[in-house]
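Letters A, B, ... are given to chains in the order of the sequence lines, protein chains preceding strands, and every chain is numbered from 1.
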Amino acid sequence: MNERRKPYPFDQIELKWQATWDKNRSFRAPNPGEENFDPAKPKFYVLDMFPYPSGAGLHVGHPEGYTATDIIARYKRLRGFNVLHPMGWDAFGLPAEQYAIKTGQHPIITTRDNVAKFKSQLKRIGFSYDWEREVNTTDPAYYKWTQWIFLQIYNSWFNPETKKAERISSYHGADPDGVRLAYVAEVPVNWCQELGTVLANEEVIEGKSEVGGFPVVRRPMRQWMLRITAFADRLLDELESLDWPDSIKALQRNWIGRSEGAEIKFEIGPDAPLQLGERIRRPHIKVFTTRPDTLYGATYMVVAPENPLVDQITTEEQRDSIEAYRAGIAAKSDLERTDLSKEKTGAFTGAFAINPANFERTPIWIADYVLMGYGTGAIMGVPAHDARDLEFAQRFDLPVRIVLQAPAGQESLGFVGDGTAINSPLIENLPTEAAKQKITDWLEERELGARSINYKLRDWLFSRQRYWGEPFPIIWRDGKHEALPESELPLEPPALEDFKPTGTGEPPLAKAKDWIRHSDTASRETNTMPQWAGSCWYYLRFCDPQNEKRFVGPEPEQYWMGGGKPGGVDLYIGGVEHAVLHLLYARFWHKVLFDLEYLSTPEPFQRLVNQGMILGEDGRKMSKRWGNVIDPIDVIEIYGADSFRCYEMFMGPLEQMKPWSMKGVEGVSRFLARVWRLIMEENQAGEWILSGEVQEVDPQKSELKILHATIKKVSGDIETLSFNTAISQMMILVNALTNTPVKPVSALRTLLILLNPFAPHLTSELWQTLAEKFPGVSGDITRQRWPDHDERLLIEDEIEIVLQVNGKLRDKITVALDATDAALETAALANKKVQNAVGGQTIRKVVVVPKKLVNVVTG
RNA sequence: GCCGAUGUGGCGAAAUGGCAGACGCAACGGACUUAAAAUCCGUUUCCAUUAAACUGGAGUGUGGGUUCGAGUCCCGCCAUCGGCACCA
């Protein structure tokens, strides 16, 4: 770069301080019992979402959240907390494997290189991580415990009585394999030929793979599943106790998608109903509905095309058309199938079902708008009060019967809200809620139905046909799975030369014939775990990263994760893109481990904050395609790490999306340079020396006032993560100090501590310089106490009072602080501008707000 | 369609129901300089009026409402962004 004169010598001081912090282990967080651990201090666990170390290195989006947590970490240390602030690498995953396929470079190599690059970039920004706690999900010493946790899940079941995960030994039923929290199932999966793997529903976006955008088709395969659905209610209910943004809670609730309703049996067959009791043994279709109150409006049934029932009920005359329809469905991709804009399709089975409420014969259809995977895979069609059913009924000329009266002024046909039941003898004229209860009670009494709850959440498809992931600690013997003995962990993947997918759906690990063979009678599972696995528990490992005996020792876990709140991590900052998946999976694993009594809290993360995305200078998402990507290291070259950190925080509210601006960085850099020049001046030789204006004098009253206002504002703003306004306030203070001829050391001292979390290098350097001369400044700035403000210094003798007439500003007057309401009113009415504005009108009322304003209201 | 977020100067933004636009950017003017950069000081919501000070009016997406007083609270609408999407 050109020898552009730097506004202050950040290039000389930043690397120096980073080296000093490393050497002094300044940010090491000792565990209970370790050297230098101070049990008198409270703990604070502040966590970043650890990155996937890609080859491209860091971009400005990463350090936004990292800077926020770093400010919090440094602030909390100054506040006297033991702070856990760790960083690590989520390094298993597809990109490294794809790269290996392309170049032949082993993922271990790529991962090592990428981690080194990321780490050096993070260090250059001056983050105060305790690097002695660094973890890497691809390290055998780490994934040993990922595999171990999988075995805990595998060896557990969900006891519906206790609503908890329990060891499988407490299950006394016939088929333990049928209730394990990790189980094998033949399920239709999202198969991506291009990637040679199955993907989770969450990894498929509009029928294409999230990674690469390749086509994805449905195909049944044997897969490992985790029974997350058993925890649906707890995952839902326990959200309440967390300090998360409502929008994120809403996303999770939405994803879990709990809906209450009833399952209702419709018996099949054209005959008249038989006697009670006999009826129940006859073949029937069970449907799930959230609106049992519209049962009288059910004029047809629809069964999902894949439902096995279809084979049983289809009549001979209809068989050909049903089969043709099913064949057409099977050929379609998910994308085509779920295309909302397309017209409804379906086929008549020839069979009829009896509506249990009014004994009417209703035709049974199949249609692809009914999904096999939700509820019972069958519905009752109530066209009058469901948009989809109405569309279907109109398309196929099925009868429509209104059974719900909409509130006055609204059309009853197509009404889906709460109204009044009509044309429904059993529940006639009842409001929706009461009608639901009554008809469900009636159905339950006759064993024709039952209350039921359904979730959109599905069990977690946990296996991948990939190389670069944790191998399952599972062996197969005689067609049955069993746990690998713990003594054989970690189970490392074989050293493959060829990582390519087999193309058949068989995982790459199947190529390692020697590795597969476990013993004469057993062979290894060849699937690997998804990338989410390692990130499900890394925050626990950070508490005790070198423990070889346990995934986390009880004492460090209780210390760092405890604290009396439901969630253990005090503050967790990361991207909103993990709002559902990572955060739901981690909560699920956490609850299992909690139930098994390994953990002290039911939830992992107490307070969650999502940083907003940083856009390019053109307002577009940063991407190579637009050529608007900003490399943090380039910015640091020109302006320094402190300017970079402060600008990222000054841009606007943390949670908000905002565009980058190099001019903005420059502005913040000017601010830091002004701080530098408050304390330093250049001598004749062009060297920076301590400024003569810095003196040991008492600050003036006005200086004290602004100083304490700044302490108050900055402290409060850091607590609420309002870093932008904290910086604004410090700018105001610095502007004020710049204008005074003599700079009191005590004020500068306080300023440096306040600014330290934001600009740690600059403040460390200036602190050291002051310490050389002034006894009031000593030691290391990272070991100081955060200042408290003195409220008395903020009080003014005189205050400005706003005078309004009918709410409009007319004048301002200055009065004594202790002026009475009556005095204020008198002063206002005597004011010339107020009198002008009032004119001849009568004064109806005078509102006096003490210390604020007087509002004269005219009639 | 459903859920959520956002809407304030030329730009990033700020404002416990009480002075809208703090702070920063950009722009303009001034000081310093042979000059420039850097630095420092000042002006900067819009409209009208004025030589100027001043003065008057309008103003936080839009239409209503509550209130002495609304960017802020309530109801309706519009726009943008994000998530989910035939989940019965």
Can you tell me, in whole Å, how much space there is between the [atom1] of [N] and that of [M]?
N	M	atom1	answer
B:rC68	B:rC54	P	34 Å
B:rU39	B:rC46	C1'	33 Å
B:rA85	B:rC2	C1'	8 Å
B:rA26	B:rU16	P	28 Å
B:rC19	B:rG69	C1'	12 Å
B:rU45	B:rA35	P	32 Å

Check whether any side-chain nitrogen or oxygen of A:Lys808 sits under 4.0 Å from OP1 or OP2 of B:rA58, and answer yes or no.
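Affirmative; the distance criterion is met.
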
Taking only the side-chain nitrogens and oxygens of A:Lys833, find out if one of them lies under 4.0 Å from OP1 or OP2 of B:rU55.
yes

side-chain contact (heavy atoms from CB on, under 4.5 Å) assessment of A:Tyr374 paired with A:Tyr455
CA-CA 8 Å; A:Tyr374 185 76; A:Tyr455 302 90; 5.9 Å; no

Starting at atom CG of A:Leu251, determine the distance to atom P of B:rA85, rounded to an integer number of angstrom.
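Distance check: A:Leu251 CG to B:rA85 P gives 11 Å.
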
Could you give the CH2-to-C1' distance, from A:Trp688 to B:rA38, as a whole number of Å?
10 Å

Select base, sugar-phosphate, or nothing to describe what [X] touches, counting heavy atoms under 4.0 Å on all strands.
X	result
A:Val668	nothing
A:Arg810	sugar-phosphate
A:Ile732	sugar-phosphate
A:Ser661	nothing
A:Lys663	sugar-phosphate
A:Gly664	nothing

Donor-acceptor pair (no angle test) under 3.5 Å: A:Lys344 side chain, B:rC86 base:
yes

Examine the base of B:rU16 for any acceptor or donor lying under 3.5 Å from a partner atom in the side chain of A:Lys852, and report the outcome as yes or no.
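Indeed, a donor on one side and an acceptor on the other fall under 3.5 Å apart.
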
What's the base orientation of B:rG61: syn (chi within 90° of 0) or anti?
anti

Which residues pass the ring pair (Phe, Tyr, Trp, His ring centres under 6.0 Å) test with [X], sequence neighbours left out?
X	answer
A:Tyr325	none
A:Tyr300	A:Phe392
A:Phe10	A:Tyr8
A:Tyr647	A:Trp660

Out of B:rG4, B:rA20, B:rA88, which has the shortest distance to the side chain of A:Ser247?
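That would be B:rG4.
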
Between [Y] and [X], do the side chains contain a donor N or O and an acceptor N or O under 3.5 Å apart?
X	Y	result
A:Asn831	A:Arg810	no
A:Asn454	A:Ser259	no
A:Asp717	A:Thr725	yes
A:Thr858	A:Asn806	yes
A:Tyr369	A:Asp389	yes

Looking at A:Lys852 and A:Glu800, does any basic side-chain N land under 4.0 Å from a carboxylate oxygen?
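The answer is no: the pair does not qualify as a salt bridge.
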
Does the distance from a Lys or Arg side-chain N to an Asp or Glu carboxylate O, for A:Glu391 and A:Arg395, drop under 4.0 Å?
no

So which heavy atom on [X] is nearest to which on [Y], and how close?
X	Y	answer
A:Ser452	A:Phe288	O-CE1, 3.6 Å
A:Thr740	A:Glu693	O-OE1, 4.5 Å
A:Lys743	A:Leu678	CG-O, 3.7 Å

Between the protein and nucleotides 40-50 of chain B, are there any N/O to N/O pairs under 3.5 Å, and if so, what are the atom names and distances?
| unit_1 | atom_1 | unit_2 | atom_2 | d |
| --- | --- | --- | --- | --- |
| B:rC40 | OP1 | A:Arg677 | NH2 | 3.3 |
| B:rC41 | OP1 | A:Asn739 | OD1 | 2.8 |

Pairing of RNA chain B as dot-bracket, 5' to 3': ( ) intra-strand, [ ] crossing, | other strand, . unpaired, with Watson-Crick or G-U pairs under 3.5 Å?
(((((((..(((.....[....))).(((((.......))))).((((......))))..(((((..]....))))))))))))....

Got a sec? Which of residues 612-621 of chain A come in under 4.0 Å of RNA chain B, heavy atoms?
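Those residues: none at all.
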
Does A:Asp293 have any salt bridge (charged side-chain N to carboxylate O under 4.0 Å, His left out) partners at least two apart in sequence or in another chain, and if so, which?
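Scan of A:Asp293 (salt bridge (charged side-chain N to carboxylate O under 4.0 Å, His left out), adjacent residues dropped) gives A:Arg291.
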
Taking the side chain from A:Lys249 and the backbone from A:Leu242, do they hold a donor-acceptor pair closer than 3.5 Å?
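Answer holds: yes.
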
A:Thr289 side, atom OG1; A:Met380 side, atom CE - distance, nearest 0.5 Å
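Interatomic distance, A:Thr289 OG1 to A:Met380 CE, rounded to 0.5 Å: 4.0 Å.
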
Can you build the contact string for nucleotides 29-37 of chain B? Use B for base contact, S for sugar-phosphate-only contact, and - for no protein heavy atom under 4.0 Å.
---------

Could you list all the salt bridge (charged side-chain N to carboxylate O under 4.0 Å, His left out) pairs where at least one residue sits in residues 252-263 of chain A, not counting sequence neighbours?
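Sorted pair list: A:Asp233-A:Arg258, A:Glu240-A:Arg253, A:Arg258-A:Glu260, A:Glu263-A:Lys286.
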
Mapping A:Gly375 and A:Gln729 onto RNA chain B by nearest heavy atom, which one lands closer to the 5' end?
A:Gln729

Within the sub-3.5 Å range, which N or O atoms of nucleotides 66-73 of chain B have a protein N or O partner, and how far apart are they?
| unit_1 | atom_1 | unit_2 | atom_2 | d |
| --- | --- | --- | --- | --- |
| B:rC68 | O2' | A:Asn855 | ND2 | 3.3 |
| B:rC68 | O2 | A:Asn855 | ND2 | 2.6 |

Quick one: which protein N/O atoms are closer than 3.5 Å to N/O atoms of nucleotides 7-13 of chain B? Pair and distance per line, please.
| unit_1 | atom_1 | unit_2 | atom_2 | d |
| --- | --- | --- | --- | --- |
| B:rG12 | O2' | A:Met651 | O | 2.6 |
| B:rA13 | OP1 | A:Gln656 | NE2 | 2.5 |

Go through the steps for A:Thr362 and A:Asn355 under the test side-chain hydrogen bond (donor to acceptor under 3.5 Å, both in side chains), then give the verdict.
CA-CA 7 Å; A:Thr362 62; A:Asn355 183 326; over 6 Å; no

